[in-house]
*Asks:* 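Can you keep this structure in mind? I'll have questions shortly.
Below, chains carry the letters A, B, ... as their sequence lines are ordered, and counting in each starts from 1.
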Amino acid sequence: MAELGSGSLPLIGDPAFNYQQDSEQELSERLKRLYPAVNEGETPLPRSWSPKDKYSYIGLSQNNLRVHYKGHGKNHKDAASVRATHPIPAACGIYYFEVKIVSKGRDGYMGIGLSAQGVNMNRLPGWDKHSYGYHGDDGHSFCSSGTGQPYGPTFTTGDVIGCCVNLINNTCFYTKNGISLGVAFTDLPPNLYPTVGLQTPGEIVDANFGQQPFVFDIEDYMSQWRAKIHGMIASFPIDERVGEWQAVLQNMVSSYLVHHGYCATATAFARATETDIQEDQSSIKNRQRIQKLVLAGRVGEAIDATQQFYPSLLERNPNLLFMLKCRQFVEMVNGTDSEVHCLTVRSPKSQDSYPGSPSFSPRHTASNTHLHSSGADSPTCSNGVTLSKSKNHGSSLKYPSASSSACSSSSSSPSSINYSESNFSDSTKSQPHSTNSTQETSDSEMEMEAEHYTNGVVEGSTARIMNGTYKHEEILQPDDNSICNGVADEGRSSTKQIWGGNQAATERMIQFGRELQALSEQLCREYGSNATHKKMLQDAFSLLAYSDPWNCPVGQQLDPTQRESLCSALNSAILESQNLPKQPPLMLALGQATECVQLMGRVRSGSCSFARVDYFLR
Amino acid sequence: MACLLEAPLRISVLSEVTATSRHYVDRLFDPDPQKVLQGVIDMKNAVIGNNKQKANLIVLGALPRLLYLLQQSSSSLQLRTECAVVLGSLAMGTENNIKSLVDCHIIPILLQGLLCTDLIFIEACLRCLRTVFISPVTPVQLLYTDPTVIPHLMFLLSNSQRTQEYITQVFSHCCKTPEHQTVLFNHGAIQKISPMLFSPSYKVRMQALKCFSVLAYENTQVSATLVNVLVDGELLTQVFVKMMQRDQPVEMQLTAAKCLTYMCRAGAIKTDDSCVVLKTLPCLVRMCSKEHLLEERVEGAETLAYLIEPDVELQRIASTTDHLVSMLADYFKYPSSVSAITDIKRLDHDLKHAHELRQAAFKLYASLGSNDEDIRKKITETENMMDRIVSGLSESSIKVRLAAVRCLHSLSRSVQQLRTSFHDHAVWKPLMKLLQNAPDEVLVMASSTLCNLLLEFSPSKEPILESGVIDLLCSLTQRESPALRLNGIWALMNMAFQADQKVKVEIVRCLGTEQLFRLLSDPDTNVLMKTLGLLRNLLSTRPHIDQIMSSNGKQLMQAVTLILEAEHGIEVKEQTLCILANIADGNTAKDLLMTNDDMLQKIKYYMGHTNVKLQLAATFCISNLIWNEEDGSQERQDKLREMGFVDLLHKLTQSSDPNLSDRAKTALQQYLA
C-alpha cells in the first residue's frame, strides 16, 4: 500500500513508465478483487514467469509473460518448462490463470499445468512427482506420470487454455476457450506453481495471470463456492440450550451500544429485549460527552472532562495523557481545540500503577496502524497470544459477563496458538526467539492479553468498522455549542493558515508545545525512552514547519478520522477503570473471527477466501 | 354434481367421522350471518392439513354452500373471503377434491369473484384458482372460455406481489398450446410480466421466469420479441444470464437456462452467441452433475438435449464440457445398491426417478451423437453403454424405450459403429422385438434405425433379413403415418440394394404390385422418392430386370408414364428416368420401351429439357437402348435414328456440361461400330 501511495506522487514521469504503472495497477486491482483474502506481503501472487526458474530451452519476453521454445526439439529429452514467480497462495481459495496458444510450433507438444518447487524443468508438466499437466497434442492429463489419461480435447494455435486450482478441495480443472473441461486432478499438494512446458521449435504461448479479463467466467465459479461456504456457515449447528444463543447475541449488541455511549438506543434495546444494562446511565452519558469532545477535536476540553469525572484516570495512564496532549497540539494546528482550556492543563503528578506497561501501551500500536504501515504490530500480537495461551488454556468460549477476563478467555482457541507459531518464524529473523520471550515475561500479563485483542480488532477491521459507526458529521452536528465546530471539515479544501494567522494563538501553541516536550522528557526519565512517543511528538511538531499543514507530508494527522483511535483508547481506559471491558465483546468476537480467517489462510485452508468477516458486515 | 352422487356410498363407511364433520356443514346454513362466518372460520381451521376432513366435508356437500356464500353479494366481504380461503384449502387436498371442485363450477365462480374491488378477497380467489389450475386434472381450457378473463388477469397483475405470483403461476400452467401462447402474448404478457423479474419477492421472480419459459417454447414470435425486451435498461437475455449465475438458486438457474434454450431453438438467439455457448450450455451441463437433485438432473439433461439437437458445434462443445459423456453414465445407477440397503424411502425415491433419469440420459446421448463421429465413438466406449441401450429397448417404460431407440438411431448413423459395436451387441434383436406392436412414435424411431441397419455394409443386414423383416416393413408402408410409410419403404429400398434375386422377389411378392403403385401415387414426395429408389434397386443387373419386367412390365410402364406426365419435382422425374434407363438395360425388357413410341417421345422430350440432370438420365436411357453388343441392337439403332435421336445426340455433344457431352458421344459411337 505504501508503494502505491508514493507511486501516485511522481505521476509526471515518462508516459511509457506511467502506462506500465497503470497496467500494473490494473493487475493489482484485479488480483485484489479476485483474491481478497491474500496478503501479498506474506504470500505474493504469481504475476509472471520466473526468468530464474526455467530450463535453458525456454525463452521469455513481453514482461516475462510470453514463453517460446528455443531448443532442438528432437525428442522428449528436449522438453523444457518454466514456473511462475511464486506459488499459488492457499488464501486464494480458488486460483485461476489462462494460457493462450500463440503458435503450436512444429508438433504442438505443449503442456499446461502445475508443479512444485524443485521439479525438474527439463520435462513437460505432469511427467514427474508433484507435477501436473494437460497436453495439447493428445488432450491427455498427466498426473505425476509419464503416461497420460484421456482427459479433454486437443488444443492448438488460437486456443485459450485455463487452469483452475481449487484450494478448498485441492482439485484442479482446465478450461478450453471458456468452457470447463471437468476435474483433471484431485488431492493436489500445497504450494504449486503455475507451469508451462514446450517441446518443439516454434511453440509460443502467452500467460494471463490477471493482466487481462479471463475468457472463462472464473468469478461465477467462485460465486458458487462462496455461496456453498456461506451456506455451510449459516447451517453450522450451534450447541445451545433454549434461548442461550439469543441471550448471548442480545448481550453483545447491548454491550456494544453501551460501550460507545449510545445511551438512548441501549435503553430502548434493553427495554425491548428485557435485559439489563451493565453500566448506569450517568456514566454512559459522561463517556459519551468525552467521546464527542475528542471526535470534535476539542481534546483540551475532553481532558478536562475526563479529569473531572474520573479524577485519577489520566494520572494512572501517563501514556494516554501524552497521546491526548499530542492530539491536542495537532488539533490546535487544526484550529479545533479551544485555546482557553489548552493552556490550563495540569501535568500528571502521580505514579503509574502498572509498572510493566508504560513501554508498551496498547493504544500506541493502535494509532500506529493509522499513521504508519501495519507491519509493526505482529510481534506484539504473538506475544500476547503466547501468554494467554499458557494462562487461560481451557476456558470456555462464551461471552457471558462482559469482564475483561471473560474476554481474554476466548483467546484460548487453538487457532490463536497457531497464530503465534507462525509469527515466531517472523520474529526469529530479526531477533532470537529467547530474547523475545524474556521481554514478554517482564511485562504485565494482563496488559499483554489486552494488547492482543486490540491488535486483533484494529489490524483487520477496526478502521472500517469504526468508520461505519462514527460519522463525524453526525456526531458534530448535535453539538451546537462547540466553538470551532466544523472548521476541520469545511476548511480542508481551501488553503488556510494556522489559526488564521493569529500571532498570539501561534505563540500560545508554541508554548503548549514546550510543555508537551517537557512532559515527554519527564516520561522518558521515569519510564525510559519510547520511540513511539518520540515519533508522535516529532510528527506533531513537524506540522509547524509547513505553511500549509493540511497539504504536507505529515498532514494526514489533521484528518478528523485520526481522532477515532484516540477516542476509543480513552473510552477503553475509562471503562477499564470502572471494571468494565475495554473492548465491547462484539468487537472482540469480530476481531477473533478476522484473525481466525487470516489464520486459515496460513494453515492452507482455502475456504478462508470465502468466509471473510467483512462480507458479513456489509 | 358428482360429489353428491358419491355421497350415500361413502357416508355409511364414514358415519362416525362424519358426525363431527356434519356439524361444520350444518353451521353453514345458520340464519345468523355472524354464526355462519364463525362456522366458516372454524371449518378453515379444521381442514388445514387434514385430507380426511377435506374429503368428508366435500362428501357432505359443503362445496355448493360455500360457493353459494362466496357468490352472494349480500354476504359480508369477510365471509366471502373466508369461503374462498376454505375452498383453497380444500383444493390443496387430493386430486379427487380438485375434481369435485371443478365439477361444482368453481372456476367460473372464482373468476367472477375477481371482478370485486377488495384486494384481500381477490387474492384469496386467485390463490384458490392457482391451486385448482396447477392440478393436472383441471382442464386448462377453462381459463380461456371467457375472453374477458385474460385481460382482467393482466390488469390485476399490478395489484400486489401475491396477485403477481398466483396469476403468473396460473399462466405458466395453463399455457400448453401455441394458441394459448398467442392469446397471452396478444394481451401483453411480455410487457406486463418482464418487470416482475426484478421483483423483491423470489416467488414472483421465479413464477415470472417460468412463465417466460412456457411462452417462448417453440414460439418464434414470442422468442423474437423477448430478445429485444429491455427491463430496467437491461436486455432480457442479460437478465436471464444473471439468473443463471452459480450462486443463484438452482431452480432459477435451470429455468433461466430453459428460457434461453427455447429462445435459441426458436431462432431468436444464434447458436454461436456467447450467452448460449459460454452460459446456457455450461449451466445445463452443470445441472447434470451428481450434486443436484434427481429431478434437476432430468430436467437439465432434457433441456440440454433440446438445445444442442440441431447444432453440431454445440454438440462438440457439450461433449467436452465437464466430462458430460461419462457423467451421464451415472444416470443409469439408480436405484443404487446402496439405496436399497440404507433406507426404504430413498429406494422409493430412486425408483420413482430411475426411469426418468435413464430416458433423459438416452435423449441427451442421442442429441450428442447425432452428427459427430468422434462423439459417437466416445459414447459407445462409455462403460456398458451398448448393453444399457440394448436393455433400454426392452424396458417397461415406453418413455425409456423411445429414448433408447432414439439414442440407438443417432448412433446408427455411424458406419463404424454399425460395423462394430452394433454387430457385437446384436442390437438388431431387441430392435426387431421392439418393432412388434410398438406405439407409433417408437415405431418411427425403431424403423428409422432399422433403415440404417439394413445398409449394405452393415453386418446386421443378413440376420435381420433372416428374421423375416420384409413382412413387417411392407406392413409399415400401409400405415397412415407418412413417417412410418417412409421408413418402411426406405428400409425396403436399402434392403434391395445389391440384393440377391431371392430377396428382391420376396420384396415384390410381399409388397404386391398394387401396394407398389399406391406408393407411387403417395401424397408424400419423400415416400414417392424412396419407392422409385426401391424400383431402381430392384431393377438392377440384367436377369433381375428381365425377370421383374416380364411379370410386372405392363403395370410398371403405366406407372412410370403417369409419373412423367404428372406435376412432380425434378428429383422425382430424374429418378423415374433412371428407372427407364435400368429397364433399357435389360435384355427382354428393352422391348417394352422400343414398342412404346409414346414413351420414346417422352425420353426425347427430356433429352431436350433445360435441366441437365434430366437430359443426362434420358440420354443414358437411349444409350442403353442402342448398345451394340446386344441382340437386335441394329434394329433399335435404326428405329431411333428414324425418330431423330441421332440428331439430338449430335446436338448434345455440343453441350457445355462435360458429363452430358461425353454421354452423348459414347452413345453416338454405338452407331459407328
*Asks:* With a 4.5 angstrom heavy-atom cut-off, could you sort out which part of A:K176 is near chain B: side chain, backbone, both or neither?
*Replies:*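 Nothing of A:K176, per the 4.5 Å heavy-atom cut-off to chain B.
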*Asks:* Could you tell me which non-hydrogen atom of A:D220 sits nearest to which non-hydrogen atom of B:Q245, and how far apart they are?
*Replies:*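 That would be OD1-CA, 3.4 Å.
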*Asks:* For the interface with chain B, which of A:V215, A:N177, A:I179 has the highest count of heavy-atom pairs at distances below 4.5 Å?
*Replies:*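 Sorted descending by pairs with chain B, the first entry is A:I179.
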*Asks:* For the NZ atom on A:K228, are there more than 12 heavy atoms of other groups (residues, nucleotides or ligands in this structure) within a distance under 6.0 Å?
*Replies:*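 Count over threshold, so yes.
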*Asks:* Atom NE2 in A:H230, atom CG in B:D247: separation rounded to 0.5 Å?
*Replies:*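 Here the rounded value is 10.5 Å.
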*Asks:* Yes or no on salt bridge (charged side-chain N to carboxylate O under 4.0 Å, His left out) for A:D217 and B:K279, after CA distance, side-chain angles and deciding distance?
*Replies:* CA-CA 9 Å; A:D217 191 349; B:K279 295 292 175 188; 2.4 Å; yes
*Asks:* Determine whether B:R246 and A:W225 make a side-chain contact, defined as any pair of heavy atoms from C-beta on separated by less than 4.5 Å.
*Replies:* no
*Asks:* In Å and rounded to the nearest 0.5 Å, what is the OH to OG1 distance from A:Y151 to B:T320?
*Replies:*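 Going from the OH atom of A:Y151 to the OG1 atom of B:T320 covers 9.5 Å.
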*Asks:* Can you tell me which portion of B:E291 sits under 4.5 Å from chain A's heavy atoms? Options are side chain, backbone, both or neither.
*Replies:* side chain
*Asks:* Would you mind telling me which of A:G231, A:P153, A:S223, A:G178 has the largest number of heavy-atom pairs within less than 4.5 Å of chain B?
*Replies:* A:S223
*Asks:* Tell me, for B:V285 versus chain A, whether the close heavy atoms (under 4.5 Å) come from the side chain, the backbone, both or neither.
*Replies:*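 The answer is neither part of B:V285.
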*Asks:* Side chain to side chain contact (heavy atoms under 4.5 Å, CB included), that's the test. Do B:D322 and A:L181 meet it? Break it down for me.
*Replies:* CA-CA 4 Å; B:D322 285 338; A:L181 304 179; 5.9 Å; no
*Asks:* By a 4.5 Å heavy-atom criterion (distance strictly below it), what part of A:F216 contacts chain B: side chain, backbone, both, or neither?
*Replies:*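 For A:F216, the side chain is the part near chain B, not the backbone.
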*Asks:* Would you say NE2 of B:H423 has more than 12 non-hydrogen atoms from neighbouring residues, nucleotides or ligands within 6.0 angstrom?
*Replies:*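 Atom NE2 in B:H423 is not packed in, count stays at 12 or less.
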